[in-house]
Amino acid sequence: MSNEVELRKEVRRRLIELGVNPYPHTLKSKVTPIREVIQSPTPGSYVSVAGRVVGIRRHGALVFFDLVDDGQKIQCSISRGDVDKELFNFFEKFVDLGDYIYVDGSVYYTKKGELTIAVNYIQLLAKALRSPPVKWGHRILDPEVRYRKRYLDIMTNPQVRRIFEIRFKTIEEIRKFMWSKGYMEVETPILQPIYGGAAARPFKTHIWALDTEWYLRISLELYLKRFIVAGFNKVFEIGKNFRNEDIDIEHNPEFTMMESYEAYADYNDIMNLTEELISTVARRVLGTDAVEYPINGETTKVNLSPPYRRISIYEAFREFAGLDVESLSDDRLKEYLDKYSVKIAGGYDRGRAIVKLFDRIVGRNYLMQPTFVIDFPISSSPLAKPHRSRADLAERFELYIGGLELANAYTELNDPEIQASFFREEEVRGARGDLEAHPFDWDFVEALEHGMPPTGGLGLGIDRLVMIYTGVSSIKEVIPFPMVKSKEFE
RNA sequence: GGGCCCGUAGCUCAGCCAGGUAGAGCGGCGGGCUUUUAACCCGUAGGUCCCGGGUUCAAAUCCCGGCGGGCCCGCCA
């Protein structure tokens with residue numbers, strides 16, 4: 001292993017001795033992106049390009065090699081008979097896989113019809129001391145290498161690169177979509193004295209300047225609502241949330257959410273917004289809103305074009321599980337909790353029990369096509385407004401696609417007295433051992449006391465949306481640098 | 001938190017069950033080759049068998065502990 005590095009360090013040293021800078025500041029001349037050379041191939045034209053050497057095929061006096069620039073590959077050839085002998089020798093002696101080089105030459109098609117640059121000049125741009133771990137276009141198989149050294153994964157595999165291109169285009173298109181709807185993108189604190197807006201354990205940190213314990217945010221919700229109180233009518237934020245919980249196929253402790261809040265809207269408006277956003281962004285990023293998602297090992301067509309089905313959580317129970325949860329006694333419900341080993345932290349609560357049971361037996365198993373599950377039991381939703389026509393329900397929806405929970409949204413609770421009472425209930429749950437209970441946020445309640453208009457809010461999991469868009473079933477595949485245990489530098 | 005599986009050359013893996021000199025392909029290096037594209041042909045170097053301990057005449061192999069990774073379950077309203 002150190003052998004290759006040592007050999008290449010020796011090459012680097014010899015280059016410097018010869019007066020060749022292996023890491024020059026400038027290129028011989030301006031280059032054309034390889035993408036453009038490929039897009040409008042012009043045999044006979046003279047081009048200058050730069051890129052990483054990803055393949056070398058030697059045939060004695062003729063050598064073919066591949067350059068990759070910004071994910072685009074082009075073949076080059078260098079022929080001893082056609083170029084300065086020293087240049088040919090320079091290539092043979094000093095250019096290795098992984099190096100960045102500049103070349104210029106004329107474009108032609110080989111006998112096999114491959115677009116190729118007949119190289120006349122080579123400039124070394126950056127000497128690589130390590131070669132790529134696998135041939136370009138091949139997959140690194142070791143997941144540990146893929147996640148720890150993602151740059152290698154992306155460098156060598158265009159399909160991996162494509163996933164991240166889709167991810168970042170998706171974020172860009174969500175921004176454009178929200179702006180086009182009149183929303184303003186705002187920023188809220190990541191470091192917070194009280195966390196809130198979701199049920200999750202937080203990361204703690206120490207603020208030296210204030211000598212107190214603060215938290216990394218677990219959601220964007222409570223500060224965005226403060227913007228609504230402040231008089232901004234439509235705001236959104238795209239940012240990282242941090243939840244101190246386990247890492248698995250659909251959870252990463254650090255993940256990306258888009259949250260939006262709109263004055264004078266309710267959860268019905270937000271459902272319309274959500275389905276339009278997901279389909280519009282899909283069309284702009286993927287060119288289609290018909291995607292395929294692997295479900296239980298089988299590729300399933302998923303249609304992202306609106307309207308999405310809207311079904312109450314009780315109806316969903318009846319339809320998919322054949323269970324009339326609504327009329328179930330608490331004792332019977334507890335039997336189901338035992339049967340599916342569902343535990344409720346902080347003591348039994350009917351609403352929470354129903355929602356957890358739903359996650360366990362309905363959501364991930366049956367909701368493959370986009371589905372809004374609506375009207376949750378009120379005790380499970382301490383930041384949502386009670387339902388306009390049923391006191392036991394909250395105006396809340398969750399969006400499921402491919403069995404994944406993608407979004408959570410409410411007609412927002414704007415009655416400060418009810419909010420305060422919900423926080424008090426959360427405090428009780430916390431005291432009973434529910435580590436994910438909301439802490440009482442007095443400052444937020446005071447903000448509501450100043451008056452928040454009727455508001456509709458949305459939280460959309462960007463990572464999971466990208467999973468749906470790219471057809472991958474692990475969140476690690478869509479997070480560039482997923483969380484892995486740190487390792488001592490070898 | 002529980003269970004299962006994995007860790008051997010730069011990469012992919014065999015060898016482990018049944019203990020006895022560390023193996024292959026790709027890649028590297030050297031040589032050959034002027035139309036290849038996972039080029040090809042010949043030669044060659046390359047190892048803390050994840051780490052530590054134990055059993056044994058002898059451990060990559062068996063046992064224990066640890067580290068790292070993957071998957072499943074729990075948890076994630």
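Model, not experiment: these values are computed from the prediction.
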Strictly below 4.0 Å, heavy-atom distances to any atom of RNA chain B: list the hits from residues 41-60 of chain A, or just say none.
A:R57, A:R58, A:H59, A:G60
Strand contacts (RNA chain B) in residues 455-467 of chain A, 4.0 angstrom heavy-atom criterion
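Heavy-atom contacts with RNA chain B come from no residue of residues 455-467 of chain A; none.
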Remember a base hit wins even if backbone is also touched, and classify [X] as base, sugar-phosphate or nothing at under 4.0 Å, heavy atoms.
X: A:G81; answer: base
X: A:E250; answer: nothing
X: A:K356; answer: sugar-phosphate
X: A:P377; answer: nothing
X: A:D96; answer: sugar-phosphate
X: A:F242; answer: nothing
X: A:K476; answer: sugar-phosphate
X: A:Y147; answer: sugar-phosphate
X: A:D66; answer: nothing
X: A:R360; answer: sugar-phosphate

Partner of B:U44 under the Watson-Crick or G-U wobble criteria, both distances under 3.5 Å, comes out as B:G28
Only pairs with both distances under 3.5 Å count, Watson-Crick or wobble alike; so what is the partner of B:C17 in this structure?
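The answer is none; no pair meets the criterion.
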Calculate the interatomic distance between [X] atom [atom1] and [N] atom [atom2]; express it in whole Å.
X: A:E92; N: B:U34; atom1: CD; atom2: P; result: 12 Å
X: A:R201; N: B:A77; atom1: CZ; atom2: P; result: 13 Å
X: A:F397; N: B:A77; atom1: CZ; atom2: P; result: 16 Å
X: A:L141; N: B:U8; atom1: CG; atom2: P; result: 13 Å
X: A:D82; N: B:U34; atom1: CG; atom2: P; result: 13 Å
X: A:R80; N: B:C33; atom1: CZ; atom2: C1'; result: 10 Å
X: A:I140; N: B:G10; atom1: CD1; atom2: C1'; result: 12 Å
X: A:K93; N: B:G31; atom1: NZ; atom2: P; result: 10 Å

For A:F376, does the six-membered ring have the charged nitrogen or CZ of A:R396 within the cation-pi criterion, i.e. under 6.0 angstrom from the centroid and within 45° of the normal?
yes
Tell me whether A:R226 forms a cation-pi arrangement with A:Y223, defined as NZ or CZ under 6.0 Å from the six-membered ring centre and within 45 degrees of its axis.
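Judged by the rule (NZ or CZ under 6.0 Å from the ring centre, within 45° of its axis), A:R226 counts as positioned above A:Y223.
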Can you tell me, in whole Å, how much space there is between the [atom1] of [N] and that of [M]?
N: B:C42; M: B:C33; atom1: P; value: 16 Å
N: B:C11; M: B:G27; atom1: C1'; value: 7 Å
N: B:C40; M: B:U35; atom1: P; value: 15 Å
N: B:G19; M: B:C49; atom1: C1'; value: 15 Å
N: B:C17; M: B:C5; atom1: C1'; value: 16 Å
N: B:A9; M: B:C51; atom1: P; value: 11 Å
N: B:A14; M: B:G46; atom1: P; value: 24 Å
N: B:A22; M: B:G68; atom1: C1'; value: 24 Å

Listed nucleotide nearest any side-chain atom of [X], set [options]:
X: A:R148; options: B:G69, B:U36, B:A39; value: B:G69
X: A:H138; options: B:U37, B:A38, B:A77; value: B:A38
X: A:L97; options: B:C75, B:U34, B:G27; value: B:G27
X: A:L7; options: B:C29, B:G69, B:G27; value: B:C29
X: A:V134; options: B:U34, B:A77, B:C11; value: B:C11

Does A:T110 contact B:U36 through a side-chain donor or acceptor facing the base, at a distance under 3.5 Å?
yes
What I want to check is whether an N or O donor and acceptor connect the side chain of A:Q75 with the base of B:U36 at under 3.5 Å.
yes
Per the ring-ring contact (aromatic ring centres under 6.0 Å, His included) rule, what does the pair list look like for residues 411-436 of chain A, sequence neighbours excluded?
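Passing the test, one end in residues 411-436 of chain A: A:F423-A:F440.
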Is the CZ atom of A:R201 crowded by more than 12 outside heavy atoms at less than 6.0 Å?
no
Evaluate the side-chain proximity of A:R57 to A:Q75: yes if any heavy-atom separation is below 4.5 Å, no if none is.
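Result yes, sub-4.5 Å side-chain heavy-atom pair found.
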Does any non-hydrogen side-chain atom of A:K356 lie less than 4.5 Å from one of A:R360?
no
For the pair A:Q419 (side chain) and A:V445 (backbone), establish whether a donor and an acceptor sit closer than 3.5 Å, ignoring hydrogens and angles.
no
Can a donor-acceptor pair be found, under 3.5 Å and without considering hydrogens, that links the side chain of A:Y410 to the backbone of A:G457?
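Looks like no, no N/O pair under 3.5 Å.
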Supply the atom-to-atom distance A:I34 CD1 to A:C76 SG, rounded to the nearest 0.5 angstrom.
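Answer for the CD1-SG pair, A:I34 versus A:C76, is 6.5 Å.
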Answer with yes or no whether the side chains of [Y] and [X] bring together a donor and an acceptor at under 3.5 Å.
X: A:N414; Y: A:K385; value: yes
X: A:E335; Y: A:Y340; value: no
X: A:Y121; Y: A:S48; value: no

Let me know, please, whether A:A61 or A:P382 comes out on the 5' side of the other along RNA chain B by nearest nucleotide.
A:A61
Aromatic contact, A:Y267 with A:F372 (centres under 6.0 Å)
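They do not qualify: ring centres at least 6.0 Å apart.
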Can you find a side chain N or O atom of A:K135 that sits less than 4.0 Å from OP1 or OP2 on B:C11?
no
